[in-house]
Amino acid sequence: MSDSYYEEEEFQTKFNQKTFRRILGLTRPHLKWVIGFLLTIAVVAGLDAVTTWVGKRIIDDGIVAKNASALTNLMVTYGAVILIQAASVFLFIYLAGILGERIRYDLRKKMFNHLQALSLNYYSKTPVGWIMARLTSDTERVADLVTWGFVDSTWGIMSIATSMIFMFIINWKLALLVLIILPILLYIAVQFRKRILGEYRSVRKLNSKIVGAYNENITGVRVIKALGREKENLDEFKQLTGSMYHSSFRAAWLSALFLPTVQIISALAIGAVVWYGGYEAESGGMTIGGIQAFVSYITFMMWPIQDIARVFAEMQQAIASAERMFSLIDSKPQIENRPKSIDPGTISGDIIFDHVTFRYEDDEHPVLQDFSLHVKRGETIALVGPTGGGKSTIVNLLCRFYEPNDGRIFIGGRDYTSLSLQAIQSRIGVVLQTPHLFSGNIRENLRYGRLNATDAEIEEATKVVGAYDFIMHFDKGFDTEVGEGGNLLSVGQKQLISLARAVLAKPEVFVMDEATSSVDTLTEALIQKGMETLLDNCTSFVIAHRLSTIKKASRILVIEGGRIAEIGSHSDLLKLRGKYYQLYTRQFRHQMESELNIFNDAPVETVPAAD
């Protein structure tokens with residue numbers, strides 16, 4: 001995949017507090033679950049410290065004092081604390097699991113709904129793989145941070161706090177010594193944070209490109225195999241994965257280095273405590289149980305610190321993921337409903353393009369320039385001309401997938417920007433050159449055009465376009481599975497089902513963009529016959545390279561350079577002997593040559609005439 005295929009936004013290298021606050025904001029709709037699992041974590045962390053304190057009492061008041069009664073009571077207390085702690089652990093794991101699933105659901109739903117609202121220009125610029133990475137791995141990483149990341153960090157902070165409280169109770173001098181270590185660990189964490197975050201941002205960016213490469217290679221596998229591009233694609237993929245490996249390796253190395261650093265400092269602290277505790281024990285300032293409790297608390301603090309370090313490293317990944325995820329959510333649709341837009345209940349009426357100019361990018365040459373056209377209700381308008389002339393742009397503007405840069409478009413006497421997008425697009429039937437079917441069976445794909453359609457209406461629509469016979473040849477008929485993207489059907493069969501789906505929707509305006517280019521001439525004739533009935537009842541726009549399919553159009557427009565080069569009926573344009581005449585005669589001659597095989601037949605030997 002080319003590096004220039006998609007240049008995503010570069011994010012800052014420092015810790016992004018705004019992004020982190022937005023991540024925390026994801027928990028706001030589920031505040032009761034958050035409070036619940038935070039309280040249970042606090043209970044677990046507190047009980048962890050209490051068990052160590054009870055252990056000290058068991059040594060000092062039970063074992064060393066040789067007091068069997070006190071030992072028995074303390075053991076019962078210890079067992080009760082463990083039982084309460086076990087119940088609390090179960091509860092916070094359960095609550096964290098619920099919270100995580102709810103946040104995953106909210107994020108994916110929000111992003112999916114937002115993707116539905118985005119305009120076509122977003123999809124023309126953004127690779128599918130990039131979007132899929134946001135919906136899957138990035139969502140998972142952010143949800144894990146909000147749940148298990150917060151669980152571990154909250155438990156760690158509470159454990160350190162409660163341990164410090166009990167250490168101050170046991171011996172405040174030793175507690176101060178341990179307290180000095182914490183700022184050192186904090187400084188180390190800050191330094192590691194800066195480096196880890198930068199590496200993980202590189203990893204997330206490269207991951208987007210890798211997912212995009214996966215998508216391109218899987219969807220284009222037939223072309224790859226046909227052209228023998230496997231080795232070249234593998235080499236390109238190795239470069240991407242190699243770059244990601246090096247960034248991931250550096251991030252993992254820094255994360256791994258952090259933990260031993262913490263452990264070394266902790267070992268020094270334990271050594272100091274044992275030395276000073278032994279000195280205090282000789283003078284009666286410390287008990288054996290107190291020294292054991294101090295060592296246990298310090299050792300016990302190492303696990304929370306390591307967990308916080310791990311969460312911190314994962315937080316860098318999650319923030320890098322969240323930045324890209326929020327960039328998708330924050331992207332604005334290019335085409336939106338205007339204030340006070342309406343749905344008049346119909347868009348039937350004349351369609352007027354009034355001096356329309358349009359360019360896809362501000363710095364590009366206009367695709368359409370000062371384009372004007374008045375289409376009466378019920379007319380069939382055919383658009384022909386060279387590739388890139390602006391034919392598809394005209395119907396894209398009509399469907400309001402884009403809006404004019406200059407000029408206006410009127411539908412039914414109203415400026416179509418005063419109508420809601422739903423009012424326009426729900427009443428326009430579109431059949432594209434490349435048909436797309438969804439996973440499922442034929443009946444489900446047909447009903448996609450109108451969800452409340454009956455089986456009888458579905459069958460009638462397939463008869464109109466000539467698809468009924470081939471569907472009934474399948475063993476399961478309308479219940480035949482089409483496969484992902486319809487890959488179990490031929491291109492022509494997919495096109496016929498797409499046509500039937502559009503017919504079933506009963507559109508008021510019908511658009512066919514090279515809709516018959518993938519079917520044979522016999523099937524094309526069946527479609528033409530069936531479409532005559534449909535096109536009589538609605539306004540239609542037909543883009544065609546097969547000029548034989550548009551002979552009966554009300555008007556034919558030859559589009560060149562974003563302007564109307566010629567306009568008229570089939571017979572009028574042939575009489576004109578202009579551009580349409582040249583296109584038609586050239587295509588007709590090519591068709592006749594192909595059918596009769598004039599130039600490929602072996603030369604016929606002639607016999608000289610007898611004198």
Apply side chain to side chain contact (heavy atoms under 4.5 Å, CB included) to the pair I98 and H30, showing each step before the final yes or no.
CA-CA 10 Å; I98 290 177; H30 314 290; over 6 Å; no
ring-ring contact (aromatic ring centres under 6.0 Å, His included) between F358 and Y360: does it pass, once the steps are laid out?
CA-CA 7 Å; F358 176 77; Y360 286 98; 4.8 Å; yes
Report the C-alpha distance between H365 and R359 in whole Å, list the side-chain angles of each, state the deciding distance to 0.1 Å, and finish with yes or no for side chain to side chain contact (heavy atoms under 4.5 Å, CB included).
CA-CA 6 Å; H365 184 75; R359 54 178 64 83; over 6 Å; no
Before giving the answer on side chain to side chain contact (heavy atoms under 4.5 Å, CB included), spell out for R22 and D330 the whole-Å C-alpha distance, their side-chain angles and the decisive distance to 0.1 Å.
CA-CA 12 Å; R22 288 187 71 177; D330 294 339; 2.7 Å; yes
Starting from the C-alpha separation in whole Å, work towards a yes-or-no answer on side chain to side chain contact (heavy atoms under 4.5 Å, CB included) for F470 and F474.
CA-CA 7 Å; F470 90 77; F474 293 126; 3.8 Å; yes
Is there a salt bridge (Lys or Arg N to Asp or Glu O under 4.0 Å) between D469 and K463 once you walk through the steps?
CA-CA 8 Å; D469 289 340; K463 290 176 181 177; over 6 Å; no
Start with the C-alpha distance between E379 and K376, add both sets of side-chain angles, then the distance that settles salt bridge (Lys or Arg N to Asp or Glu O under 4.0 Å), and finish with yes or no.
CA-CA 6 Å; E379 272 194 298; K376 295 181 180 179; over 6 Å; no
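Of all heavy-atom pairs spanning A502 and P507, the tightest one is O-CD, 3.3 Å. Heavy-atom minimum distance, P344 versus R414: CB-NH1, 3.5 Å. Contact detail for Y122 and L115: the closest heavy-atom pair is CE2-CD2, 4.3 Å. Taking each heavy atom of L446 and L504 in turn, the nearest pair found is O-CD2, 3.2 Å. Between I319 and I23 the shortest heavy-atom distance is CG1-CD1, 4.2 Å. For the residue pair L489 and L437, the shortest heavy atom distance occurs at CD1-CD1, 3.9 Å.
For the atom pair F401 CZ and Y123 OH, the distance stands at 12.5 Å (nearest 0.5 Å). Between the CG atom of L383 and the CD1 atom of I556 there is a distance of 10.0 Å, given to the nearest 0.5 Å. To the nearest 0.5 angstrom, Q369 atom CD is 10.0 Å from D406 atom CG. The CG atom of D354 sits 6.5 Å away from the CZ atom of R408 when rounded to the nearest 0.5 Å. Distance check, rounded to the nearest 0.5 Å: CD1 of I411 to CZ of R427 gives 11.0 Å. The distance from atom CD1 of I394 to atom CG of L368, rounded to the nearest 0.5 Å, is 5.0 Å.
The side-chain contact (heavy atoms from CB on, under 4.5 Å) with I335 is formed by just one residue from the set L118, T417, L421; it is L421.
Within 6.0 Å of CD in Q425 there are more than 12 heavy atoms belonging to other residues, nucleotides or ligands. For D475, the CG atom counts as loosely surrounded, since its 6.0 Å shell holds 12 or fewer non-hydrogen atoms of other residues, nucleotides or ligands. Heavy-atom neighbours of Q422 CD from other residues, nucleotides or ligands within 6.0 Å: at or below the threshold of 12.
T462 contributes a side-chain N or O that, together with a main-chain N or O of E459, makes up a donor-acceptor pair within less than 3.5 Å. Of the possible polar contacts, none joining the H374 side chain to the I352 backbone as a donor-acceptor pair under 3.5 Å is found. In terms of modelled atom types and a separation under 3.5 Å, the side chain of R134 and the main chain of S327 share no donor-acceptor contact. The closest donor-acceptor contact from the side chain of T147 to the backbone of A143 lies under 3.5 Å. Between the side chain of H114 and the backbone N or O of S331 there is at least one donor-acceptor pair closer than 3.5 Å. Using modelled atom types, one side-chain atom of S420 and one backbone atom of A423 make a donor-acceptor pair closer than 3.5 Å. Q493 places a side-chain N or O within donor-acceptor distance of the main-chain N or O of S490, the cut-off being under 3.5 Å. Without hydrogens or angle criteria, T139 side chain to L107 main chain gives no donor-acceptor distance under 3.5 Å. Here the side chain of N441 pairs no donor or acceptor atom with the backbone of V482 at under 3.5 angstrom.
One finds a salt bridge joining E457 and R450 here, because a Lys/Arg side-chain nitrogen approaches an Asp/Glu carboxylate oxygen to under 4.0 Å. With salt bridges taken as basic N to acidic carboxylate O contacts below 4.0 Å, none links R447 and E444. A salt bridge between R28 and D106 is absent, with no side-chain N of the basic residue lying under 4.0 Å from a carboxylate O of the acidic one. Classification of E560 and R563 as a salt-bridged pair fails, no side-chain N sitting under 4.0 Å from a carboxylate O. Checked for salt-bridge contact, R338 and D415 miss the test: no charged N lies under 4.0 Å from a carboxylate O. Using a 4.0 Å cut-off between a side-chain N of Lys or Arg and a carboxylate O of Asp or Glu, D513 and K391 do not qualify as a salt bridge. Remark: E140 engages R108 in a salt bridge, criterion side-chain N to carboxylate O under 4.0 Å.
Looking at R104 and D144, their side chains come closer than 4.5 Å, going by heavy atoms from C-beta outward. The side-chain heavy atoms of E460 and Y468, taken from C-beta on, include no pair separated by under 4.5 Å. Using a 4.5 Å heavy-atom threshold, the side chains of I409 and L397 count as touching. In this structure, C538 and V509 have side chains that are not in contact, with every pair of non-hydrogen atoms separated by 4.5 Å or more. Here the side chains of V558 and I564 are not in contact, with every heavy-atom distance at 4.5 Å or above. The shortest side-chain heavy-atom distance between F510 and M512 falls under the 4.5 Å cut-off. I351 is listed as a side-chain neighbour of T539, based on a closest heavy-atom distance under 4.5 Å. Inter-residue side-chain proximity for L419 and D343 is flagged as unmet; no heavy-atom pair is nearer than 4.5 Å.
Checking E508 against T346 by side-chain atom types alone, a donor-acceptor pair falls below 3.5 Å. If you check the side chains of D138 and S321, you find a donor sitting under 3.5 Å from an acceptor. A donor-acceptor contact closer than 3.5 angstrom links the side chains of S540 and T380.
Residues in residues 410-437 take part in these ring-ring contact (aromatic ring centres under 6.0 Å, His included) pairs, two or more places apart or across chains: H436-F438.
Classified by interplanar angle (parallel below 30°, tilted 30° to 60°, perpendicular above 60°), the ring pair Y584/Y580 is parallel.
Taking the ring-ring contact (aromatic ring centres under 6.0 Å, His included) definition, one finds that F371 meets it with F353, sequence neighbours left out.
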